[in-house]
Number of protein chains: 2
Amino acid sequence: MDSHVKTHQKEQDHDASPNPVALSKYSNRVELKTLLQRSDGGARLAGKRVVIGGWVKSSRAVKKDSPPPPPAEVAVHPPSSGGNQASTTANISCTEIIQSKMNIFRKLFDVLSGGGKTYPIFDKPELAGQKTAPPPEYILYFTISDGSSVASLQVVVDSAMSTVPTTQLMALGTCIVAEGVLRQPLAASAKHAIELEAEKLLHVGTVDPEKYPLSKKQLPLHMLRDYSQFRPRTTTVGSVTRVHSALTLASHTFLQFNGFQYVQVPVITTTGFGEMFRVTTLSGKTDGKEEKKHVKENDGFSIDTVKAAIKEKTKLIDHLKRSDSNREAVVAAVHDLKKTSDLASQLEMKQRPKAATLIKPEKLDFSQDFFGRNTYLTVSGRFHLESYASALGKVYTFGPRFVADKVDNARHLAEMWNVETEMAFSELDDAMDCADEFFKFLCRYLLENRQEDMKFISKRVDKNITTRLEATASNSLLRFSYTEAISLLQKETSRRFETKPEWGVALTAEHLSYLTDEIYKGPVIIHNYPREVKPFYTRLNGDKKTVAAFDLVVPKVGVVITGSQNEERFEVLDARIRELGITTREQYDWYLDLRRHGTVKHSGISLKMEHMILFATGLPDIKDAIPFPRSWGKANN
Amino acid sequence: MDSHVKTHQKEQDHDASPNPVALSKYSNRVELKTLLQRSDGGARLAGKRVVIGGWVKSSRAVKKDSPPPPPAEVAVHPPSSGGNQASTTANISCTEIIQSKMNIFRKLFDVLSGGGKTYPIFDKPELAGQKTAPPPEYILYFTISDGSSVASLQVVVDSAMSTVPTTQLMALGTCIVAEGVLRQPLAASAKHAIELEAEKLLHVGTVDPEKYPLSKKQLPLHMLRDYSQFRPRTTTVGSVTRVHSALTLASHTFLQFNGFQYVQVPVITTTGFGEMFRVTTLSGKTDGKEEKKHVKENDGFSIDTVKAAIKEKTKLIDHLKRSDSNREAVVAAVHDLKKTSDLASQLEMKQRPKAATLIKPEKLDFSQDFFGRNTYLTVSGRFHLESYASALGKVYTFGPRFVADKVDNARHLAEMWNVETEMAFSELDDAMDCADEFFKFLCRYLLENRQEDMKFISKRVDKNITTRLEATASNSLLRFSYTEAISLLQKETSRRFETKPEWGVALTAEHLSYLTDEIYKGPVIIHNYPREVKPFYTRLNGDKKTVAAFDLVVPKVGVVITGSQNEERFEVLDARIRELGITTREQYDWYLDLRRHGTVKHSGISLKMEHMILFATGLPDIKDAIPFPRSWGKANN
């Protein structure tokens, strides 16, 4: 379609039509993706007047009448892995080098700031050292991102336009709204097709460089986690968010297209199992008072002593950097500092919440609580979905699920979101078919609808990700039973598994990794588990030893979808609930009702959204797969 | 396309193609909507072999070789308002009459059963009185619903086919999976185009009639609320659920189509305001023990005494009914019973949770809690959305929001779900445009995608609903300021409002109803409220007296969408937070950060999904707009 267009001379590549570029809905500006996500990269929009807005990703100043600088590659195309942003930074400070090499700084500054919000990892703009604004004869080259795409726009600003001091204007993270005319870049070597020549700055939202935590240098993801309010401004977290958003719409689309009705299941519930969070209005209101952690002594060091030492050692490093000491001296000082900060971490760990019970349960009278009884945060929506499936046939939901397990690792959060389905007139095989097709649909959806982001993630996070998604989307998943899985694991004699693979044990992460990473090199479905390793509501098979449950397991991540046919026979379910202890039976009475009146075979699945994102992006830690992660001891906003 | 088909003779109307009818995905049966939601009502599917499944809505037995009974209208077409199901019931029992007239039964049986799960409102099948199965020469006519559509299918079963006793098979709520051949109804007067002649019953899930709470007679919605696990089996709740489901997909579709990215905001938060639920693992685990409410004395009557009296009086009514007493005697007895049960209700009310604090807050050490600090259930997702809007531009979320207000009325729940948006580079007018278009899109979506359900709801709940949605979808909403609203209210001199309309007061339900129900007879947008009546984060206008906030208000329901431009100026926001008290400031520090670094004008909206459903269906009570409502003192599953 564009072959004719492509034969145009470059100077004819302006869009001569009088139509303005489409504005973003509910906003008086043009989204950058409207300019940049075109087959011509925006070239034919040259000459158009637009207003754009976004946040500064990088900047440089050039004396007026100098030739324009080579454009930053980051500006238009997804950067290649590592160091791309450095290419736009002439003077990389010692701070930056240390930041990029050392993991300790996050802990360190946490300690220094007493667990506060900000620390001074600030990447000086290139005019660093100049304490006053440069003379007005500078032309400023910005790369600006508005989060609508991976690509950024180069915006050219005459420093005379701004009332804000130029150094401040140029700081990373500054918000700029500019009006101007699109033009082809003046530099012949430019790789970008279009840039904006600003005529007016309509808004400047400055940053406080001493406190802004982001850096031009690519910070490791774990360092960004303490700044969840800012990390979406990084290209990686932006892309992951757009992937997450696409998976959400894809889930609703797939399920509704296949005849499922969405059902709003409750978050506050009286029914559940395992370690649950309690919901209460007893024992105080939100009066904004936050209890301070107590400072405790340990091995003769108090945390305050250690913090003071860290402060001194940090000052030394600062001094070494300023006095142009050689790099080794800095590294040695940093090494010393690391040891001290490790001690601080240990001390802090000892102060971590132990979920200890200061007050015995019997002292709180929950009949006086808001709901007149004990209520919890739901662990699964499938209980309530079963009720609606037993009326509407096929239903689904998407909501938060909570587990108060006192673990903190790369695969677990206290709050995770699941897509759950329940289908009446369905058995185990139907649920496995549903899981298989749903999972592949999501992979295909990303390949088709998030090409730019997947390309960026391939470069930055996991180069095999696109190939893996393509392979997954086009093949039926291999299915085998738990019993077969155990015998496969037993055949592996050259390896010692930490948990010996014997029939009856729960498959560990190590087992699952062996099966998916090494044997099959792809996702598999494992079904018919021993009844002891699956929840009480899964349907007992004819052998009385196994239940009709399955897991869809993927390499590196583990289980992404669980599913089961649930027990529809009153007597069988009732007996299994009694096994749990008589006192629990009452909370399940409404659930048993579904088997008393018009019971039907039914099955369903539960897709763990954050684990799906790990699979789809190659990210190693679940705390980066959700915007505001909550885990043991961690909830900051 | 079908004009050719329509000229066929009736006997040629069979689908001669060998293709089977499409199965429901992930299920070995055909959904009823596949058969019934066709322009021919399914007629051309005659001759096809299918498996269907569903729950019995009504049933009747006819001696073999008798002419088939006139088909129940309910079977295929949405019933007309009231009494439709009665038309299928030859013998309406006294119980049914009482049920349909008296609201007291719910309370009554609640008391009788000690707040337990079930009570014997059971509508006897037409063979009632026959204690043994009828002789096998009966032909049974069922109307079966599987929740895929309003319409039900007539299924014809030879009683000899079933091993389950016929009375049991015929009971309301029985689950039946049947294989057979579709045929045109034999009765010439039949209004349905197709019925199933069963050849095999593949599954029968019986009900326990003594305990099954649903009745063939249409029960009032408030009586169904205690049986939220069963009420989706009623046609009304089924339709409302399908409307809810459509609104959910429509919300995601509208927002993603308009460039919004979905963002998962957390449910567990440290930030909020107002009456909040606390999330904790302190003071005990879920061990399934449920604290019993204490029995208290009141005015000399204990609840036990009153319960005993109710039991006796109920027995009397039962006796009167069985002995064929006249209706007045029954009604008198019921009236007497009502007085007693009212007393029981009062006693029970006094035992309702008062959210009393048995333990002073300072006794619980929340630094020892799961997250090492106080955490709450979120009241609004917009705080966290602002963080992502300040990076990605336009974002939205859909999730549960919690308010621990001790009120229990038709417009409030403790857990409600909101669709929330936040848009950078946007101001108040943009947010109002967004609310206006989003709201109208939802109305239009229902008219186009839920015709059958809207038609049913028009007949059963609110006959003006379709007209109202159409009028709303095709007009721009009127917008006026709070100041104008007050002066409109002040002009109304013939009425005394409970709250006198003076500038500065919060608009009450009465005010809003006057403006929307009486003056404008439709939805309106009211904007620029006094700062005192809106949250602290809304943007202060130039007059320093009002803020850039608005409400979209609809007749009968009240506010469906709230929206605002939020304060982007650090100093102004900081000052307003300080007004709230110094101690709260710490929890908002991360939120203030967004104004410290790269701040930008932004606005957003919050659509209250359950209130939208009230508007779209005409339902009067919010407890019927969500599957499992949670409110003060009420959480049952």
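Predicted model only: the values in this text are computed from it and were never measured. Residue numbering restarts at 1 for every chain, and letters A, B, ... go by the order of the sequence lines.
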Residue Val279(A) versus chain B: region with a heavy atom under 4.5 Å: both

Choice from Gly205(B), Ala391(B), Ser603(B) maximising heavy atom contacts with chain A below 4.5 Å: Ala391(B)

Side chain proximity check, Phe260(A) to Cys434(A), heavy atoms < 4.5 angstrom: yes

Part of Val51(A) lying under 4.5 Å from any heavy atom of chain B: neither

Region of Arg29(A) in contact with chain B, defined by heavy-atom distances below 4.5 Å: side chain

Region of Ile268(A) in contact with chain B, defined by heavy-atom distances below 4.5 Å: both

Toward chain B, the part of Thr234(A) with a non-hydrogen atom under 4.5 Å: neither

Interface moiety of Ser27(B) toward chain A, non-hydrogen atoms closer than 4.5 Å: both

Verdict with supporting geometry, Trp590(B) and Thr271(B), side-chain hydrogen bond (donor to acceptor under 3.5 Å, both in side chains): CA-CA 9 Å; Trp590(B) 70 272; Thr271(B) 315; 2.9 Å; yes

Winner by heavy-atom pair count (cut-off under 4.5 Å) against chain B, out of Thr206(A), Asp433(A), Thr174(A), Val395(A): Thr206(A)

Gln368(B) side chain vs Leu282(B) backbone, donor-acceptor pair below 3.5 Å: no

Under 3.5 Å donor-acceptor, Asp146(B) side chain and Leu32(B) backbone: yes

Most chain B-contacting option - heavy-atom pairs closer than 4.5 Å, from Ile176(A), Val177(A), Asn28(A), Leu377(A): Leu377(A)

Among the listed options Pro266(B), Ala424(B), Gly173(B), the residue most often paired with chain A at heavy-atom distances under 4.5 Å: Pro266(B)

Contact origin within Ser228(A) toward chain B - heavy atom pairs under 4.5 Å: backbone

Heavy-atom contact with chain B under 4.5 Å, split by part of Glu415(A): side chain

Centroid-centroid under 6.0 Å between Phe628(B) and Tyr388(A) rings: yes

Stepwise side-chain hydrogen bond (donor to acceptor under 3.5 Å, both in side chains) test for Asp369(B) and Thr280(B): CA-CA 6 Å; Asp369(B) 207 344; Thr280(B) 181; 2.7 Å; yes

When His252(B), Glu386(B), Gln264(B) are compared by non-hydrogen pairs under 4.5 Å with chain A, the top option: Gln264(B)

Ring centres under 6.0 angstrom apart (Phe398(A), Phe398(B)): no

Closest-packed option against chain A by number of heavy-atom pairs under 4.5 Å, given Ile626(B), Leu249(B), Thr269(B): Leu249(B)

Side chain, backbone, both or neither of Glu427(A) within contact of chain B (heavy atoms, under 4.5 Å): neither

Heavy-atom proximity to chain B below 4.5 Å, by part of Pro400(A): side chain

Test item: Thr270(A) side-chain N/O and Asn637(B) main-chain N/O as donor-acceptor pair under 3.5 Å: yes

Side-chain (Ser148(B)) to main-chain (Lys33(B)) donor-acceptor, under 3.5 angstrom: yes

Option in Val56(A), Val263(A), Asp430(A), Val237(A) with maximal non-hydrogen atom pairs under 4.5 Å from chain B: Asp430(A)

Check: Asn636(A) and Gln229(A) side chains under 4.5 Å, non-hydrogen atoms: no

4.5 Å side-chain heavy-atom contact, Thr281(B) and Glu275(A): no

Residues Lys394(B), Ser24(A); criterion side-chain hydrogen bond (donor to acceptor under 3.5 Å, both in side chains); working and verdict: CA-CA 9 Å; Lys394(B) 292 193 301 193; Ser24(A) 172; 3.0 Å; yes

Contact winner vs chain B - Ser426(A), Pro629(A), Gly147(A), Pro232(A), heavy-atom pairs under 4.5 Å: Pro232(A)

Leading residue by heavy atom contact count with chain B [cutoff under 4.5 Å; candidates Phe402(A), Phe383(A), Phe425(A), Phe277(A)]: Phe425(A)

Pairs of heavy atoms under 4.5 Å with chain B: top-ranked of Ala246(A), Ser145(A), Ala431(A), Gly53(A): Gly53(A)

Chain B contact via Ala414(A) - which portion, at a heavy-atom distance below 4.5 Å: side chain

Per-residue contact mode, Gln256(A) against chain B (heavy atom under 4.5 angstrom): side chain

His244(A) side chain reached by Met609(A) side chain, heavy atoms, under 4.5 Å: yes

Under 4.5 Å from any heavy atom of chain B - which part of His203(A): side chain

Test item: Leu594(A) and Ser387(A) side chains (from C-beta on) under 4.5 Å apart, heavy atoms: yes

Region of Glu568(B) in contact with chain A, defined by heavy-atom distances below 4.5 Å: neither

